[in-house]
*Asks:* 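Here you go, one structure.
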There are 2 protein chains.
Amino acid sequence: MNKMQTLSKNQQIIFDLIDKSSEPLKAYSILFNVQKKGIKAPLQVYRALDKLVELGKIHKIESRNAFIACQNSSCQVSKATAFSICEICEKITEISSASLSKYLRNFKDKDGMKYSKYNLEFFGLCKKCR
Amino acid sequence: MNKMQTLSKNQQIIFDLIDKSSEPLKAYSILFNVQKKGIKAPLQVYRALDKLVELGKIHKIESRNAFIACQNSSCQVSKATAFSICEICEKITEISSASLSKYLRNFKDKDGMKYSKYNLEFFGLCKKCR
DNA sequence: ATTTAAATTGTTATAATATAACACTATGTA
DNA sequence: TACATAGTGTTATATTATAACAATTTAAAT
Ligand SMILES: [Zn+2]
Ligand SMILES: [Zn+2]
Ligand SMILES: [Zn+2]
Ligand SMILES: [Zn+2]
């Protein structure tokens, strides 16, 4: 049913880096980290990031211009994402809540418009920073 | 109760431009449009934008790097925002739904973390583009 | 096996978005 | 007045992201 997706060389290198990182990574920090592996130009990074986002393997934290590996099951291929962001230490966690995603999936606005995709970013203080 | 906030000269010029615009504006497009009014440098624009966001007079659409005037009552000073974005025509509307904002305001994650702020962006097709 | 299309890569240059640092000016208030 | 805070103007620079083009690899299709 789910066609197994094989990542290309650059995609795999960049996914591995993001996946093993304990914090979201920015594009140019990724670039710096993969230069030893032969990826030399921003475009090579951005292309891989685009593809990985499209596949739902990573998500972009829009308010931070940073990328994090999906902590769920690729989030229905990246169509429904929610994050918790600590405004002090910048710890970012992907929220996995069935009730939240159900609520948002079914949300209709005043015009009856239904949405195919959403991104939600919550801000506050994490346990440690409170 | 709400201290009436007087905008500074640059803040007022930039707010007026955004407020009368029918679509979200990007920083450098704002810069271009206010050069005849004597605002010449990016920093002057970004400083005014920062302040206007802080006051809740405008919001930043994170996924678009664009700014839109608040269509509600300054959204409790910018702490709770939700937008509808058409992926074809890029029409962007601020969503005002009591039930949505109540749901999100009260949302607690698994750790019992409560949030002081959120930003939600919905994507889909608007009436016209469907 | 050969052809073809689609995806990926490599590379240079450049566009678009945003902030640092510093000197100065206006405004409010004690 | 004197003091603090907020806002301004300016130059330079940092950060994020895409355009354009040529070559290569991969996966089907004949
Ligand atoms: Zn995910
Ligand atoms: Zn924290
Ligand atoms: Zn608003
Ligand atoms: Zn539309």
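Just so it is clear, the structure is predicted and the values come from calculations on it, not from any experiment. Chain naming here is simple, since letters A, B, ... match the order of the sequence lines and numbering starts at 1 in each. Both backbone and side-chain heavy atoms feed into the values below; hydrogens, waters and symmetry mates do not.
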*Asks:* Using side-chain heavy atoms (C-beta onward) and a distance below 4.5 Å, is B:Ile68 in contact with B:Lys60?
*Replies:*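 Result no, sub-4.5 Å side-chain heavy-atom pair not found.
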*Asks:* Rounding to a whole Å, what distance do you find between A:Leu7:CG and C:dA7:C1'?
*Replies:*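 About 13 Å, once rounded to whole Å.
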*Asks:* Compare the minimum distances between each of C:dA18, C:dT9, D:dT18 and the side chain of A:Leu43, then state the nucleotide with the smallest one.
*Replies:*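 Within the option list, the nearest is D:dT18.
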*Asks:* Which residue lies toward the 5' end of DNA chain C, B:Arg47 or A:Ser8, if each is placed at its nearest nucleotide?
*Replies:*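 The 5'-side residue here is A:Ser8.
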*Asks:* So do the side chains of B:His59 and B:Val53 get within less than 4.5 Å of each other, counting heavy atoms only?
*Replies:*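 Sidechains of B:Val53 and B:His59: no contact.
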*Asks:* So if I apply the salt bridge (charged side-chain N to carboxylate O under 4.0 Å, His left out) rule between A:Glu90 and each of A:Lys128, A:Arg64, A:Lys26, which one comes out positive?
*Replies:*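 By the salt bridge (charged side-chain N to carboxylate O under 4.0 Å, His left out) criterion, A:Glu90 pairs with just one of A:Lys128, A:Arg64, A:Lys26: A:Arg64.
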*Asks:* For the side chain of B:Ser21 and the backbone of B:Pro24, is there at least one donor-acceptor N/O pair under 3.5 Å apart?
*Replies:*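 Not at all, since once roles are kept as given, no pair shorter than 3.5 Å links the two residues.
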*Asks:* Please answer whether the main-chain N or O of B:Lys102 pairs with a side-chain N or O of B:Asn106 as donor and acceptor at a distance below 3.5 Å.
*Replies:*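 A pair under 3.5 Å: yes.
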*Asks:* Ignoring the backbone of B:Lys9, work out which of C:dA18, D:dT8, D:dT10 is nearest its side chain.
*Replies:*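 Looking only at side-chain atoms, B:Lys9 lies closest to D:dT8.
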*Asks:* Note the angle between the end axes of the helix from C:dA1-D:dT30 to C:dA30-D:dT1, five pairs defining each, rounded to 10 degrees.
*Replies:*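 Terminal axis comparison yields 40°.
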*Asks:* Hey, which of these two, B:Gly38 or B:Pro42, hits DNA chain D nearer its 5' end, going by closest nucleotide?
*Replies:*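 It is B:Gly38 whose nearest nucleotide is closer to the 5' end.
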*Asks:* Counting only heavy atoms and a strict 4.0 angstrom limit, can you tell me which residues of residues 15-35 of chain A come near DNA chain C?
*Replies:*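 When residues 15-35 of chain A is checked for heavy atoms under 4.0 Å from DNA chain C, there are no hits whatsoever.
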*Asks:* I need the CG-P distance between B:Leu49 and C:dT19, as an integer number of Å.
*Replies:*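 Distance check: B:Leu49 CG to C:dT19 P gives 10 Å.
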*Asks:* Taking side chain to side chain donor-acceptor pair (under 3.5 Å) as the test, write out the residues that go with A:Gln12, two or more places apart.
*Replies:*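 Here the qualifying residues are A:Asp16.
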*Asks:* With no hydrogens and no angle check, do the side chains of A:Ser84 and B:Tyr118 hold a donor and an acceptor under 3.5 Å apart?
*Replies:*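 No.
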*Asks:* Identify which nucleotide among C:dT8, D:dT18, C:dG10 has an atom closest to any side-chain atom of A:Gln11, counting heavy atoms from C-beta outward.
*Replies:*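 For the A:Gln11 side chain, the nearest candidate turns out to be C:dT8.
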*Asks:* Checking the side chain of B:Asp109 only, and the main-chain atoms of B:Asp111 only, is there a donor and an acceptor separated by less than 3.5 Å?
*Replies:*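 Yes; judged by distance alone, with no hydrogens or angles, the pair exists.
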*Asks:* Start at the 5' end of DNA chain D and walk down; is the nucleotide closest to A:Phe67 or to B:Lys40 reached first?
*Replies:*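 Closest to the 5' end, via its nearest nucleotide, is B:Lys40.
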*Asks:* Measure from CG on A:Asn10 to P on C:dT8 and round the result to the nearest Å.
*Replies:*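 Spelled out: CG on A:Asn10 to P on C:dT8 is 10 Å.
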*Asks:* Specify the separation, in whole Å, of atom CG of A:Leu52 and atom P of C:dA7.
*Replies:*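 In whole Å, C:dA7 P and A:Leu52 CG are 16 Å from each other.
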*Asks:* Can you tell which of D:dA17, C:dT19, D:dG7 lies closest to the side chain of B:Tyr46?
*Replies:*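 It is C:dT19.
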*Asks:* What is the distance, rounded to the nearest whole Å, between atom CD1 of B:Ile39 and atom P of D:dG7?
*Replies:*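 Interatomic distance, CD1 of B:Ile39 to P of D:dG7: 14 Å.
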*Asks:* Atom CD of B:Gln44 and atom C1' of C:dA20: how far apart are they, to the nearest Å?
*Replies:*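 Answer to the nearest Å: 15 Å.
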*Asks:* Would you say the side chains of B:Gln35 and B:Asn33 form a donor-acceptor pair under 3.5 Å?
*Replies:*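 On atom types as modelled, these side chains do not qualify, holding no pair under 3.5 Å.
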*Asks:* Looking only at side-chain atoms of B:Asn65, point me to the closest of D:dT11, D:dT16, C:dT17.
*Replies:*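 Minimum distance to the B:Asn65 side chain belongs to C:dT17.
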*Asks:* Side chains of A:Glu62 and B:Ser63 only: does a donor on one sit below 3.5 Å from an acceptor on the other?
*Replies:*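 The criterion, which ignores hydrogens and geometry beyond distance, is not satisfied for B:Ser63 and A:Glu62.
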*Asks:* Nearest whole angstrom, please: distance from the C1' of D:dT5 to the NZ of B:Lys51.
*Replies:*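 Checked: the NZ to C1' distance equals 10 Å.
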*Asks:* Would you mind reading off the distance between B:Ile14 atom CD1 and C:dA18 atom P, rounded to a whole angstrom?
*Replies:*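 Between P of C:dA18 and CD1 of B:Ile14: 14 Å.
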